[in-house]
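Computed from heavy atoms alone, side chains included, the values below leave out hydrogens, waters and symmetry copies. Atoms within a ligand are numbered from 1 in the order they appear, just like the ligands themselves.
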Amino acid sequence: MSKVAIVTGSAGGLGKGIAERLGKDGFSVVLHDINEALLNETVTELKGKNYNVIGVKGDVSKRDDQFNLVKEAVDHFGRLDVFVNNAGIEAVSPFLEITEEQLNRLFHINVNGVVFGTQAAANQFIKQAGKGKIINACSIAGHESYEMLGTYSATKHAVKSFTHSAAKELAKHQITVNAYCPGIAKTKMWDRIDEEMVKYNDDLKPGEAFEKFSSAIALKRYQTPEDVANLVSFLASEDSDYITGQTILTDGGLVFR
Ligand SMILES: NC(=O)c1ccc[n+]([C@@H]2O[C@H](COP(=O)([O-])OP(=O)(O)OC[C@H]3O[C@@H](n4cnc5c(N)ncnc54)[C@H](O)[C@@H]3O)[C@@H](O)[C@H]2O)c1
Ligand SMILES: CC(=O)[C@H](C)O
C-alpha cells in the first residue's frame, strides 16, 4: 500500500508543486483547497499524469473542515502518513493601517489553520498507533519581520512557535513536526503582494517590488515551486525521521540564521 499525504491549499502555487512532487515520490495525495473550480482542474491535471490523487474542498480555518479532510483521506486511501499545512494568505499594509479584520483573517487562516490541521492529523496518526509527519508552511517572514507585511510576518512567527511546541508534545507518539520557510517564489501570492506594494508607493512600478526583494537573493534567481517541493519531499521521507521541531529556510540565500 502506498503512503498517503494531504496537502492543503494545493490547487495552485507552492501547494500544487508539493502535491505533484509527493505524487512523483509514490504517495497517494489528497489535494485540498477553498477554490473548488481550480482544485477540480488541478486534480484532473494530476490524474492525467497518472498520479493517484483525489480532491477535497475545504477551508483550513474551520476546525470541522480539517477533521473532515482527514476522514475523507482515510475513507478513500485507508491511512494517513503526511499532512502538509501549506495553505496561507498574505496582507500588505503599513503598520498604522492594520485593521481588526486583517488581523482576524490572517490569523484565522495562517495560524488557526495550522493548529487545526495538526490536531486532525495527529489524532489520526495516534489512532494508527503513532508515527507520522506534519509539515508546516512557514516563511522567511517567520525568521525576519518585514515592513508592510507586519501581520503576515506575525502569523509566520506563530507558525514557527506552534511547530516547536507541537514537535515537543507529539514526539512521544513518534510524530515529527517541521516547517519549510520559502523565500521569494513567483506565485499568485507574490503577484498580489507586488500589486499592493505599488498602491502604497508612488515610486514603484508593477513588478518592481518583486524585483527589489528578489535582487537580494544570493543565488540570483527567484524561487520555483519545485525548489520548495524538494525540501518538503525530504521532510516527508524516512530520511528526515530524526529531525523534528525545525523551521528550515529554503530561500536561495536571503535570510541567514
Ligand atoms: N510565494 C512565496 O514567495 C512564499 C514565500 C514564503 C512562504 N509562502 C507560504 O507558502 C504557502 C503557499 O503560498 P503560495 O505562494 O503558493 O500562495 P498562493 O496564494 O499562490 O496559493 C495558496 C493556495 O491556498 C488556497 N487557500 C487560501 N485560503 C485557503 C483556505 N482558507 N483554505 C484552504 N485553501 C486556501 C488558495 O486558494 C490557493 O490555491 C503559504 O502558506 C505562504 O504563506 C509563500
Ligand atoms: C510571501 C513570503 O512569505 C515572503 C515574504 O516572500
- Item | Closest approach of any protein heavy atom to atom 17 (O) of ligand 1, naming residue and atom | Met189 CB, 3.6 Å
- Message: Any atom of ligand 1 sitting under 4.0 Å from a heavy atom of Arg192?
- Response: yes
- Task: Among all protein heavy atoms, pick the one closest to atom 1 (N) of ligand 1 and tell me residue, atom and distance.
- Result: Thr187 OG1, 3.1 Å
- Does the side chain of His143 come within less than 4.5 Å of Lys160's, by heavy atoms? yes
- Message: Between Ile243 and Thr176, is there a side-chain heavy-atom distance shorter than 4.5 Å?
- Response: no
- Message: Do Thr250 and Asp227 pair up side chain to side chain, a donor and an acceptor below 3.5 Å, judged on atom types alone?
- Response: no
- Item | Nearest-contact summary for atom 29 (C) of ligand 1 - protein heavy atom, Å | Ile34 CG2, 3.7 Å
- Task: May I ask whether Val177 and Phe83 are part of the same hydrophobic cluster, defined by side-chain heavy atoms of I, L, V, M, F, W, Y residues being less than 4.5 angstrom apart, directly or through others?
- Result: yes
- Query: At what distance is the nearest protein heavy atom to atom 32 (N) of ligand 1, and which residue and atom is it?
  - Reply: Val60 N, 3.0 Å
- For Ile109, take its heavy atoms, then give the atoms of ligand 1 lying under 4.0 Å from any of them. 31 (N)
- Query: Just heavy atoms, cut-off under 4.0 Å: does Ala141 contact ligand 1 by side chain, backbone, both, or neither?
  - Reply: neither
- Of the backbone atoms (N, CA, C, O) and the side-chain heavy atoms from C-beta on, which set of Phe213 has a member under 4.0 Å from an atom of ligand 2: side chain, backbone, both, or neither? neither
- Query: What atoms of ligand 1 come within less than 4.0 Å of a heavy atom belonging to Gly13?
  - Reply: 16 (O), 20 (O)
- Task: Flag the pair Lys186 and Asp191 as a salt bridge only when some basic side-chain nitrogen lies within less than 4.0 angstrom of an acidic carboxylate oxygen.
- Result: yes
- Query: Between Glu195 and Arg192, is there a salt bridge with N-O shorter than 4.0 Å?
  - Reply: no
- Less than 4.5 Å apart, any side-chain heavy atom of Val60 and any of Asp65? no
- Ignoring angles and geometry beyond distance, decide whether Gly183 reaches within less than 3.5 Å of ligand 2 through its nitrogen or oxygen atoms. yes
- Message: Checking the side chain of Asp194 only, and the main-chain atoms of Trp190 only, is there a donor and an acceptor separated by less than 3.5 Å?
- Response: no
- Once the angle between the rings of Tyr146 and Phe213 is folded into 0 to 90°, is it parallel (under 30°), tilted (30 to 60°) or perpendicular (over 60°)? tilted
- Note on the structure: of all protein heavy atoms, closest to atom 3 (O) of ligand 1 is Ala185 N, 2.8 Å
- Just how far is it from atom NZ of Lys16 to atom CG of Asp33, taken to the nearest 0.5 Å? 11.5 Å
- Task: Answer yes or no: does an N/O atom from Ile184 fall short of 3.5 Å to an N/O atom of ligand 1?
- Result: no
- Could Lys131 and Asp81 be called an ion pair, given the rule that one side-chain N must be under 4.0 Å from one carboxylate O? no
- Under 4.5 Å between any side-chain heavy atoms of Leu170 and Ile134, yes or no? yes
- Contact atoms of ligand 2, heavy-atom distance to Ser139 under 4.0 Å: 2 (C), 3 (O), 4 (C)
- Query: What about Trp190: any of its N or O atoms under 3.5 Å from an N or O on ligand 2?
  - Reply: yes
- Message: What I'd like to find out is whether the side chain of Val43 reaches to under 4.5 Å of the side chain of Leu39, using heavy atoms alone.
- Response: yes
- Item | N or O pair under 3.5 Å between Asp59 and ligand 1 | yes
- Task: Could you list the atoms of ligand 1 found under 4.0 angstrom from a heavy atom of Gly12?
- Result: 39 (O)
- So is there a nitrogen or oxygen of Pro182 less than 3.5 Å from a nitrogen or oxygen in ligand 1? no
- Message: For ligand 1 and Leu38, I'd like to know whether there is a polar contact (N/O to N/O, distance under 3.5 Å).
- Response: no
- Task: Might you confirm whether atom CZ of Phe107 has over 12 heavy atoms from other residues, nucleotides or ligands at distances under 6.0 Å?
- Result: yes
- Query: Which atoms from ligand 1 have a heavy atom of Gly88 less than 4.0 Å away?
  - Reply: 40 (C), 41 (O)
- Of all the atoms in ligand 2, which lie at a distance below 4.0 Å from a heavy atom belonging to Tyr152? 1 (C), 2 (C), 3 (O)
- Message: Applying a heavy-atom cut-off of 4.0 Å, say which part of Lys156 lies close to ligand 1: side chain, backbone, both or neither.
- Response: side chain
- Hey, are the side chains of Met197 and Asn201 touching, using non-hydrogen atoms and a 4.5 Å cut-off? no
- Between Tyr152 and ligand 1, is there a nitrogen or oxygen pair with a distance under 3.5 Å? yes
- Looking only at protein heavy atoms, identify the closest one to atom 23 (C) of ligand 1 and say how far it is in Å. Gly9 O, 3.5 Å
- Give a yes/no verdict on whether any heavy atom in Gly183 is under 4.0 Å from an atom of ligand 1. yes
- Contact atoms of ligand 1, heavy-atom distance to Cys138 under 4.0 Å: 7 (C)
- Message: Between ligand 1 and Ser61, is the shortest N or O to N or O distance under 3.5 Å?
- Response: no
- Message: At less than 4.0 angstrom from any non-hydrogen atom of Trp190, what atoms of ligand 1 do you find?
- Response: 2 (C), 3 (O)
- Query: Any side-chain heavy atom of Val53 sitting closer than 4.5 Å to one from Thr42?
  - Reply: no
- Note on the structure: Looking only at protein heavy atoms, what sits closest to atom 40 (C) of ligand 1 is Asn86 O, 3.3 Å
- Note on the structure: Within 4.0 Å of some non-hydrogen atom of Ala137, the atoms of ligand 1 are 41 (O)
- Note on the structure: Here the atoms of ligand 2 under 4.0 Å from any heavy atom belonging to Ile193 are 1 (C)
- Can Phe67 be reached from Ile6 by stepping across I, L, V, M, F, W or Y side chains whose heavy atoms are under 4.5 Å apart? no
- Does Thr163 use its side chain to pair, donor to acceptor, with the backbone of Asn178 at less than 3.5 Å? no
- Of the listed options Asn35, Thr8, Leu14, closest to atom 4 (C) of ligand 1 (non-hydrogen atoms): Leu14
- Is the closest basic N to carboxylate O distance between Glu238 and Lys3 below 4.0 Å? yes
- Note on the structure: In ligand 1, the atoms that come under 4.0 Å of a heavy atom of Ala87 are 34 (N), 35 (C), 41 (O)
- Item | Option with minimal heavy-atom separation from atom 27 (C) of ligand 1, where the choices are Asn112, Ile89, Asp65 | Ile89
- Query: Is Gly58 in contact with ligand 1, taking contact as a heavy-atom separation below 4.0 Å?
  - Reply: yes
- Check His32 against ligand 1 and report side chain, backbone, both or neither, counting heavy atoms closer than 4.0 Å. side chain
- Message: I want to know if ligand 1 touches Asp33 in the polar sense, i.e. an N/O pair below 3.5 angstrom.
- Response: yes
- Side-chain contact, heavy-atom cut-off 4.5 Å: Met148 with Tyr200? yes
